[in-house]
Amino acid sequence: MSILMYTIYGMFGLILGSFLNVLVLRHNAHSVLGRSGCAVCGAALSWYELIPILSWVFQKGVCRTCGSNISIQYPLVELAVASWFVLIASTPISLLEQGIMLFVGVVLIAIAVYDIRHTIIPDQWVWGFVVAAVVYSSVVFATGERALLDACISGIVIAAPIWALWFFSRGMAMGFGDVKLALGIGYVTGLSSGVYTLGLAFIFGAVVGVSIIAYQRMRPLLLQVINARPLKPYARTLTMKSEIPFGPFLVAAVVIVWYAQQFDVLLMPW
């Protein structure tokens, strides 16, 4: 595929990423439509303040009207969606599979961001993902690249251990939204790669958890050395008992595993 086509995919991704930010921030609001404005002062944004990534960079991450900080979520989400579009463009799959996976990736990014912000996964989004995942699994089966049994039960099998964690911990170790997310992941990756995905997600979670403990113990010393204030006031309360959303780890893992799967790359030794 030519550089021009990659550029087109990336540009569409940036535009869609900008809309995705609105969707995440206005979910459960009366409407996602309407003119965008500053979240602090409410000033309506001009067209040049809505250019994906560039507006945030040129404004140095602050509102031109009131000077309040603009969340880095905006450029990160735009860049994430654009990157996903370029990755899909580079995969050796059919246009139908590309279309399905473009939708899947956008929904997964929205789920991850919303879960980070609110530690909950919206039902409409996760069930939309599951439906798209089942359709994708059916298409892959139709091409002869996945066995019928795998196409039918992979989601249920991959979701089973997450359901067990949710059930036996009474929702303390895992949310039910993660169960539904794992259901769709199984249908996207297939059974064997789904196992890799769960393993990678738990590794990501463990690394973040250990990092939280290390930060808690090292923070006073670090602050004393650099004579600085904490980056965030709430950082003082972070411990391993803090509520850490698992959805983003699942999303990161399935993106890595699925993309590697398209090029027959073995990620893990088990």
**OP:** May I ask you to decide if the ring planes of Phe168 and Trp163 are parallel, tilted or perpendicular, using 30° and 60° as cut-offs?
**Re:** perpendicular

Original post:
Is any side-chain heavy atom of Leu23 less than 4.5 Å from a side-chain heavy atom of Leu20?
Top reply: yes

**OP:** Nearest 0.5 Å please: distance from the CD atom of Gln73 over to the CG atom of Leu76.
**Re:** 8.5 Å

Original post:
Does the side chain of Val207 come within less than 4.5 Å of Phe204's, by heavy atoms?
Top reply: no

**OP:** Determine which pairs satisfy side chain to side chain donor-acceptor pair (under 3.5 Å) with at least one residue from residues 129-143, sequence neighbours left out, and list them in order.
**Re:** Tyr136-Trp258, Ser137-Arg146

**OP:** Under the side chain to side chain contact (heavy atoms under 4.5 Å, CB included) rule, what do Leu96 and Ile100 come out as? Steps first, then yes or no, please.
**Re:** CA-CA 6 Å; Leu96 177 58; Ile100 297 171; 4.3 Å; yes

**OP:** Verify the neighbour count for atom CZ of Phe12: are there more than 12 heavy atoms of other residues, nucleotides or ligands below 6.0 Å?
**Re:** no

**OP:** Kindly give the heavy-atom pair with the smallest separation between Gln261 and Val188, and that separation in Å.
**Re:** OE1-O, 4.3 Å

Original post:
Which value, rounded to the nearest 0.5 Å, describes the distance between Leu250 atom CG and Ile111 atom CD1?
Top reply: 10.0 Å

Original post:
Can any side-chain N or O of Trp56 pair as donor or acceptor with the backbone N or O of Ile70 at less than 3.5 Å?
Top reply: yes

Original post:
Applying the 4.5 Å side-chain criterion to the ILVMFWY set and letting contacts propagate, would Ile72 and Val57 be lumped into a single cluster?
Top reply: yes

**OP:** List the steps, then state whether side chain to side chain contact (heavy atoms under 4.5 Å, CB included) holds for His118 with His27.
**Re:** CA-CA 11 Å; His118 304 287; His27 180 65; over 6 Å; no

**OP:** Flag yes if Val62 and Ile53 sit in one hydrophobic cluster, no otherwise; membership is Ile, Leu, Val, Met, Phe, Trp, Tyr, and two members link when side-chain heavy atoms are under 4.5 Å apart.
**Re:** no

Original post:
So, for Ala82 and Gly10, which heavy atoms are closest and what is the spacing to 0.1 Å?
Top reply: CB-O, 3.5 Å

Original post:
Is there a donor-acceptor contact under 3.5 Å from the side chain of Ser18 to the main chain of Ile15?
Top reply: no

Original post:
Side chains of Phe103 and Val135: does their closest heavy-atom pair fall under 4.5 Å?
Top reply: no

Original post:
Roughly how far, to the nearest 0.5 Å, is the OH atom of Tyr114 from the CG atom of Leu25?
Top reply: 10.0 Å

**OP:** Please collect all salt bridge (charged side-chain N to carboxylate O under 4.0 Å, His left out) contacts where either partner lies in residues 180-200, sequence neighbours excluded, each pair once.
**Re:** Asp123-Lys180

Original post:
Got a second to check how far Trp166's CH2 is from Asp178's CG, nearest 0.5 Å?
Top reply: 11.5 Å

Original post:
Under the salt bridge (charged side-chain N to carboxylate O under 4.0 Å, His left out) rule, what pairs show up with a residue in residues 92-118, not counting sequence neighbours?
Top reply: none

**OP:** Count the heavy atoms of every other residue, nucleotide or ligand shown that sit under 6.0 Å from CD1 of Ile120, and state whether that count exceeds 12.
**Re:** no

Subject >> Test side chain to side chain contact (heavy atoms under 4.5 Å, CB included) applied to Ile116 - qualifying residues, sequence neighbours left out >> reply: Pro248

Original post:
Step by step, would you call Val251 with Leu181 a side chain to side chain contact (heavy atoms under 4.5 Å, CB included)?
Top reply: CA-CA 9 Å; Val251 170; Leu181 186 57; 4.3 Å; yes

**OP:** Supply the atom-to-atom distance Leu95 CG to Ile88 CD1, rounded to the nearest 0.5 angstrom.
**Re:** 12.0 Å

**OP:** Please check if the side chain of Tyr187 supplies one atom and the backbone of Cys152 the other of a donor-acceptor pair under 3.5 Å.
**Re:** yes

**OP:** Could you tell me which non-hydrogen atom of Gly186 sits nearest to which non-hydrogen atom of Ser154, and how far apart they are?
**Re:** O-OG, 3.0 Å

Original post:
Does Leu14 reach the side chain of Phe85, with side-chain heavy atoms less than 4.5 Å apart?
Top reply: no

Subject >> Contact summary for Trp125 and Val24, nearest pair of heavy atoms >> reply: CH2-CA, 4.0 Å

**OP:** Answer yes if the side chains of Thr91 and Gln262 hold a donor-acceptor pair under 3.5 Å, and no otherwise.
**Re:** no

Subject >> Apart from Phe141 itself, residues in the same hydrophobic cluster as defined by side-chain heavy atoms under 4.5 Å >> reply: Leu148

**OP:** Using the test side chain to side chain contact (heavy atoms under 4.5 Å, CB included), find all partners of Ser83 that sit at least two apart in sequence or belong to another chain.
**Re:** Leu79

**OP:** Please check if the side chain of Thr119 supplies one atom and the backbone of Pro245 the other of a donor-acceptor pair under 3.5 Å.
**Re:** no

Original post:
Has the side chain of Asp150 got a donor or acceptor atom that lies under 3.5 Å from a matching backbone atom of Gly190?
Top reply: no

**OP:** Return the minimal non-hydrogen interatomic distance between Ala182 and Ile162, and the atom names on each side.
**Re:** CB-CG1, 3.8 Å

Original post:
Rounded to the nearest 0.5 Å, how far does CG of Leu198 lie from CD1 of Ile185?
Top reply: 7.0 Å

**OP:** Consider only side-chain heavy atoms of I, L, V, M, F, W and Y, link residues closer than 4.5 Å, and tell whether Val255 and Phe263 are in one cluster.
**Re:** yes

Original post:
Given the rule in the side chain to side chain contact (heavy atoms under 4.5 Å, CB included) test, do Val195 and Ile158 qualify, once you have shown the distances and angles that lead to the verdict?
Top reply: CA-CA 7 Å; Val195 174; Ile158 297 304; 4.1 Å; yes

Subject >> Plane angle bin for Phe249 and Phe246 - parallel if under 30°, tilted between 30 and 60°, otherwise perpendicular >> reply: perpendicular

